[in-house]
Enquirer: 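Following this message is one structure expressed as structure tokens.
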There are 2 protein chains.
Amino acid sequence: MAGTASPEAAPETVRPREDRGASQSVRAQLALRELLLSGEIAPGARLSELAIVERIGVSRTPVRAALTLLAEEGLVEPIPSGGFAARAFSEQDVRDSIELRGTLEGLAVRLAAERGISALAARTLQDLLARLDEVVAGPLAGPDAFERYIALNAEWHREITGLAGSRVVERQIERVMALPFASPSAFVMAQAQTGEARRILTLAQDQHHAVVEAILQREGARAEALMREHSRLASRNLANAARSRQAMAQVPGGALIRLRPV
Amino acid sequence: MAGTASPEAAPETVRPREDRGASQSVRAQLALRELLLSGEIAPGARLSELAIVERIGVSRTPVRAALTLLAEEGLVEPIPSGGFAARAFSEQDVRDSIELRGTLEGLAVRLAAERGISALAARTLQDLLARLDEVVAGPLAGPDAFERYIALNAEWHREITGLAGSRVVERQIERVMALPFASPSAFVMAQAQTGEARRILTLAQDQHHAVVEAILQREGARAEALMREHSRLASRNLANAARSRQAMAQVPGGALIRLRPV
DNA sequence: CAGCGCATTGATGTATACATGACATCGGAA
DNA sequence: TTCCGATGTCATGTATACATCAATGCGCTG
């Protein structure tokens with residue numbers, strides 16, 4: 001779906017792998033997001049379309065589309081006089097985002113509990129829990145175990161999100177998690193180095209179990225409360241990680257967070 | 001900031017007043033939204049860019065931008081093969097949207113209560129309450145009183161939304177309310193004709209008072225619970241309105257709602 | 001007569017040309 | 001020397017031209 005006016009073979013911009021088949025707009029969006037999250041484009045900096053064009057290697061139109069979408073996501077904000085600037089986040093913003101996720105996930109599990117879930121969904125959840133149990137119980141040496149935990153954890157949360165059977169709720173949760181530091185596993189890696197890692201993973205996993213149990217027992221309020229509390233684990237991890245620059249470097253989008261509020 | 005290649009004076013498309021100073025993109029977005037909400041473009045229908053161009057009188061670029069934004073808002077959904085289609089909503093979708101709003105507004109007031117609000121904000125809220133009191137106590141003949149209620153109610157909810165002092169939360173609430181039937185006053189007009197009108201407005205207004213009191217007393221949990229319950233008034237009104245086609249015509253975006261699920 | 005394949009049509013995605021507004025720099029006057 | 005204004009440059013917003021892809025209809029074949 002493309003109208004390459006074929007500008008004599010793109011000027012050798014790096015193509016991060018999955019870009020292959022994607023449309024130029026998607027390519028631009030991924031590339032720009034990457035530049036923002038890594039901090040290569042500093043928070044607060046104005047984003048000139050032409051500068052991005054040169055950096056990404058696609059024309060202005062898809063760049064523009066990408067900027068619009070990223071503005072919707074909140075990673076970029078429109079400047080009154082036109083154009084966009086990379087957005088900076090305060091520690092408070094991050095806390096609020098986490099609280100927001102907790103609240104919305106809480107809503108999702110409450111609705112799931114009240115409305116009931118399918119046997120298939122129940123099995124999927126149990127299965128994920130079992131696999132998470134293995135990781136948490138196993139050796140936590142090296143980043144492998146943590147990466148596996150993050151993957152499974154993300155899957156569990158995605159499953160939970162869809163459980164209410166509500167497109168509207170699901171969409172909304174996706175929107176919150178567009179901010180990378182709001183994602184459920186955002187601070188796992190930051191905690192990996194500390195001695196607390198196993199303790200925190202144990203707590204989190206126990207909450208996972210409790211939430212599933214509450215949903216199956218149709219205890220909506222309990223499921224909701226648990227899910228909220230679960231998200232606060234991330235807030236606690238944020239508080240710890242915020243003390244060290246090195247830890248924040250492990251957090252996705254950590255470069256966007258201004259620790260000492262400007 | 002515009003590059004009108006000056007196509008010899010636009011072909012006499014209607015300009016709905018506020019369009020005057022706005023950019024073409026904004027103009028397109030407003031016009032398209034209007035077409036969608038009024039049902040002039042039927043839910044499910046595919047939106048051809050060129051057709052819209054002819055209808056609105058702006059070129060493809062701003063139309064495209066408008067479509068992208070409306071897709072983010074959820075009024076329009078992307079078609080896998082490209083392009084967009086007007087989205088249809090089920091009664092369940094509407095209920096979920098209202099529940100979502102209640103949950104998020106609940107979060108906002110809880111945070112407001114926990115963090116405390118400024119004296120100025122408190123005064124503003126009290127002032128709005130007093131003016132709402134007048135309307136509710138006064139004669140409810142004709143649409144004037146209801147329109148006044150809707151305006152004040154919208155303002156009260158907007159104020160509440162900002163009370164937490166959290167950009168993140170505020171943004172998210174705005175997103176939910178992009179769906180017009182999720183707005184706080186969506187079903188007021190539909191209830192205006194029925195004899196229930198005064199009773200329901202009285203209940204709603206009492207909840208407004210209670211919420212403000214809870215916030216001032218720093219009773220976060222109470223404020224949250226009240227705010228949620230407040231939104232359920234809208235759900236009830238939906239249930240009533242859904243019985244009559246005429247009532248649904250009074251609801252903003254009512255044309256998008258497929259009553260008997262497809 | 002039905003089913004499959006191909007061509008044609010129309011749309012979207014992309015690139016670029018152009019006009020307008022914003023911002024910075026430079027010059028002049030007080 | 002400082003402040004104000006004018007001018008020039010640059011970037012954005014918009015319009016349009018072009019290339020590619022999906023869908024549809026027709027013709028051919030079994």
Side-chain angles (χ1 to χ4, degrees), chain A residues 1-13 15 19-32 41 44-72 76-86, chain B residues 1-13 15 18-32 41 44-72 76-87:
Chain A
M1 205 153 308
T4 44
S6 175
E8 65 225 23
E12 286 315 320
T13 41
R15 290 284 150 80
D19 280 12
R20 275 302 137 203
S23 80
Q24 298 291 77
S25 298
V26 174
R27 196 174 295 175
Q29 203 190 338
L30 293 176
L32 238 185
I41 295 179
R46 177 167 190 165
L47 299 170
S48 159
E49 291 180 2
L50 287 175
I52 300 170
V53 162
E54 285 179 12
R55 221 155 158 177
I56 315 253
V58 300
S59 87
R60 274 186 64 204
T61 305
V63 166
R64 233 177 138 55
L67 282 170
T68 308
L69 288 177
L70 290 173
E72 282 307 302
V76 146
E77 64 191 342
I79 296 174
S81 67
F84 299 89
Chain B
M1 156 163 348
T4 45
S6 175
E8 65 227 22
E12 287 314 321
T13 40
R15 289 285 151 79
E18 76 252 11
D19 279 13
R20 276 302 137 203
S23 78
Q24 299 291 76
S25 297
V26 173
R27 197 174 294 176
Q29 204 191 338
L30 292 176
L32 238 185
I41 295 179
R46 177 167 190 165
L47 299 170
S48 158
E49 290 179 4
L50 287 175
I52 300 170
V53 163
E54 286 179 12
R55 225 157 155 175
I56 315 254
V58 300
S59 85
R60 275 187 63 205
T61 305
V63 166
R64 227 174 145 55
L67 282 170
T68 307
L69 288 177
L70 289 173
E72 282 308 302
V76 145
E77 64 190 342
I79 297 174
S81 68
F84 299 89
R87 185 161 158 197

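Protein chains get the first letters and strands the later ones, always in sequence-line order, with residue 1 at the start of each. Predicted model only: the values in this text are computed from it and were never measured. Excluded from the calculations below are hydrogen atoms, water molecules and symmetry mates; all remaining heavy atoms, backbone and side chain alike, are included.
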Enquirer: State the CD1-CZ distance between A:I41 and A:R55, to the nearest 0.5 angstrom.
Expert: 5.5 Å
Enquirer: Rounded to the nearest 0.5 Å, how far apart are CG of B:L47 and CD1 of B:I79?
Expert: 7.5 Å
Enquirer: Compare every heavy atom of A:F84 with every heavy atom of A:A71, then report the nearest pair and how far apart it is.
Expert: CB-CE2, 3.7 Å
Enquirer: If you compare every side-chain N and O of B:S81 against the phosphate oxygens of D:dC21 (OP1, OP2), does one of them come in below 4.0 Å?
Expert: no
Enquirer: From CG of B:L50 over to C1' of C:dG13, roughly how many Å is that when rounded to an integer?
Expert: 13 Å
Enquirer: Is B:R87 close to B:V76 at the side-chain level, that is, under 4.5 Å between some pair of heavy atoms?
Expert: no
Enquirer: Between A:R46 (CZ) and C:dA24 (C1'), how many Å, whole number?
Expert: 13 Å
Enquirer: Without decimals, in angstroms, what is the distance between B:F84 CZ and C:dA11 P?
Expert: 16 Å
Enquirer: Write down the distance between CD (B:E49) and P (D:dT14), rounded to a whole number of angstrom.
Expert: 15 Å
Enquirer: If you look at every heavy atom in A:I56 and A:A31, which pair is closest and at what distance?
Expert: CD1-CB, 3.4 Å
Enquirer: To the side chain of B:S23, which of D:dT16, D:dG13, D:dA23 is closest?
Expert: D:dG13
Enquirer: Roughly how far apart are A:S59 OG and A:I52 CD1, rounded to 0.5 Å?
Expert: 12.5 Å
Enquirer: Check DNA chain D against residues 60-67 of chain A and give the residues with a non-hydrogen atom under 4.0 Å, in numerical order.
Expert: A:R60, A:R64
Enquirer: Would you say A:S25 reaches C:dT14's phosphate, i.e. side-chain N/O to OP1/OP2 under 4.0 Å?
Expert: yes
Enquirer: Once you apply a heavy-atom cut-off of 4.0 Å, does B:L47 come out as touching a base, just sugar-phosphate, or nothing?
Expert: sugar-phosphate
Enquirer: Among D:dT14, C:dA15, C:dA11, which nucleotide has an atom closest to any side-chain atom of A:S59?
Expert: C:dA15
Enquirer: B:E54 has an atom CD; how far is it from atom P of C:dG10, in whole Å?
Expert: 13 Å
Enquirer: Considering only distance and modelled atom types, tabulate donor-acceptor pairs under 3.5 Å from the side chains of residues 61-68 of chain B, sequence neighbours left out.
Expert:
from  : atom 1 : to    : atom 2 : distance (Å)
B:R64 : NH1    : B:E49 : OE2    : 2.3
B:T68 : OG1    : B:R64 : O      : 2.9

Enquirer: Provide, to the nearest angstrom, the distance between the CD atom belonging to A:Q24 and the P atom belonging to C:dT14.
Expert: 6 Å
